[in-house]
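These notes concern the structure reproduced below.
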Amino acid sequence: MSSSKHSQDAFQNRILATLSKREYERLLPHLKSVSLFQGKILYGVGDTVEYAYFPTGGMISLLSITETGKTIEVSMVGSEGMVGIPIILELNITPYEIMVQLPCNAIRIRAEAVKTEFHQGGNLQKQLLLYMHTLLTQVSQSAACNGFHTVEERLCRWLLVGRDCVQSDTLHLTQEFLSHMLGVPRTSVTMIAGNLQRAGLIRYSRGKIRIIDRESLESASCECYRMVKKGIAHYLAA
């Protein structure tokens, strides 16, 4: 793939877009544009992180998994971030499952290339440290949200964050997928999605959710959506 195509794709990711020309040229030989399909597992718990992924759209989820196989989402990564933070922590082992939540394109870079550039102490290091703070904020907020807020509030928050990631009011998701993300039975998602549809906040058909009234959906969400959104805004402004 041509360097001009790589540049066009890379600039759609917030972290890569901040790199200086010299930094970008050092990474250029290691860049590869990839398409990631919905449901693809990038890494399982305990896997060695061989590549970093810089999404240019769509959404990737970080999932906590119990010994019995139950899952719950603890954070989302969109075009503002990077999948593969353990690379810069020297451990290089992921503590959670990483799954493509909504189809996306991404720039893939080998772990060693990211680590080498990180230790140059330039823009990549600065942006990844800022992003790591944002990611930790999301994880801690998810812990509070999953423990104290209703499933309806959490579903509303999830739909809003998903909408922000893909910049579209239409999300292609099944109820089964959402039940895994929220860590609740599918029947709970069915009931709540039906309530939201009858209230005119969303329109749901098989495998597709369309947000109809975003303002009301935000009112029905918990404060976690606003807090996470505020944290990302501070990160983007830094």
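Worth knowing before you read on, the calculation uses all heavy atoms, side chains too, and leaves out hydrogens, waters and symmetry mates. For reference, positions follow the sequence shown, starting with 1.
For the 3.5 Å distance criterion, the side chains of Asn105 and Ser35 qualify, holding a donor opposite an acceptor. The closest side-chain donor-acceptor pair between Tyr24 and Asn123, if any, does not fall under 3.5 angstrom. Under 3.5 Å, the side chains of Glu23 and Ser20 contain a donor-acceptor pair of N or O atoms. Side-chain contact, Gln12 with Thr56: no donor N or O sits under 3.5 Å from an acceptor N or O. Thr190 and Gln175 share a side-chain donor-acceptor pair at under 3.5 Å.
Put simply, the side chain of Gln38 reaches to within 4.5 Å of the side chain of Phe177, judged on heavy atoms. Residues Ile98 and Ile41 are not in side-chain contact: their nearest non-hydrogen atoms beyond the backbone lie 4.5 Å or more apart. Counting heavy atoms from C-beta outward, Trp158 and Leu160 have side chains that stay 4.5 Å or more apart. The shortest distance between side-chain heavy atoms of Gln120 and Arg26 falls below 4.5 Å. At least one side-chain heavy atom of Ile209 sits less than 4.5 Å from a side-chain heavy atom of Leu159.
In this structure, Asp213 contributes its side chain and Gly200 its backbone to no donor-acceptor pair below 3.5 Å. Remark: side-chain polar atoms of Asn146 are paired, donor with acceptor, to backbone N or O of Ser142 under 3.5 angstrom. Gln101 places no side-chain N or O within donor-acceptor distance of the main-chain N or O of Met59, the cut-off being under 3.5 Å. A donor-acceptor distance shorter than 3.5 angstrom exists from the side chain of Glu80 to the backbone of Gly78, with no hydrogens or angles considered. Between the side chain of Glu25 and the backbone N or O of Arg22, no donor-acceptor pair lies under 3.5 Å. Within the 3.5 Å criterion, the main-chain N or O of Glu218 finds no donor-acceptor partner in the side chain of Ser221. Under the 3.5 Å distance criterion, the side-chain polar atoms of Thr71 are matched with a main-chain donor or acceptor of His180.
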Kindly indicate, with the supporting measurements, whether the criterion side chain to side chain contact (heavy atoms under 4.5 Å, CB included) is fulfilled by Val184 and Val189. CA-CA 7 Å; Val184 298; Val189 175; 3.9 Å; yes
Run the numbers on Asn13 and Tyr53 for side-chain hydrogen bond (donor to acceptor under 3.5 Å, both in side chains), then give the verdict. CA-CA 10 Å; Asn13 177 274; Tyr53 293 85; over 6 Å; no
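For the salt bridge (charged side-chain N to carboxylate O under 4.0 Å, His left out) test, no residue two or more places apart in sequence or in another chain qualifies with Glu50.
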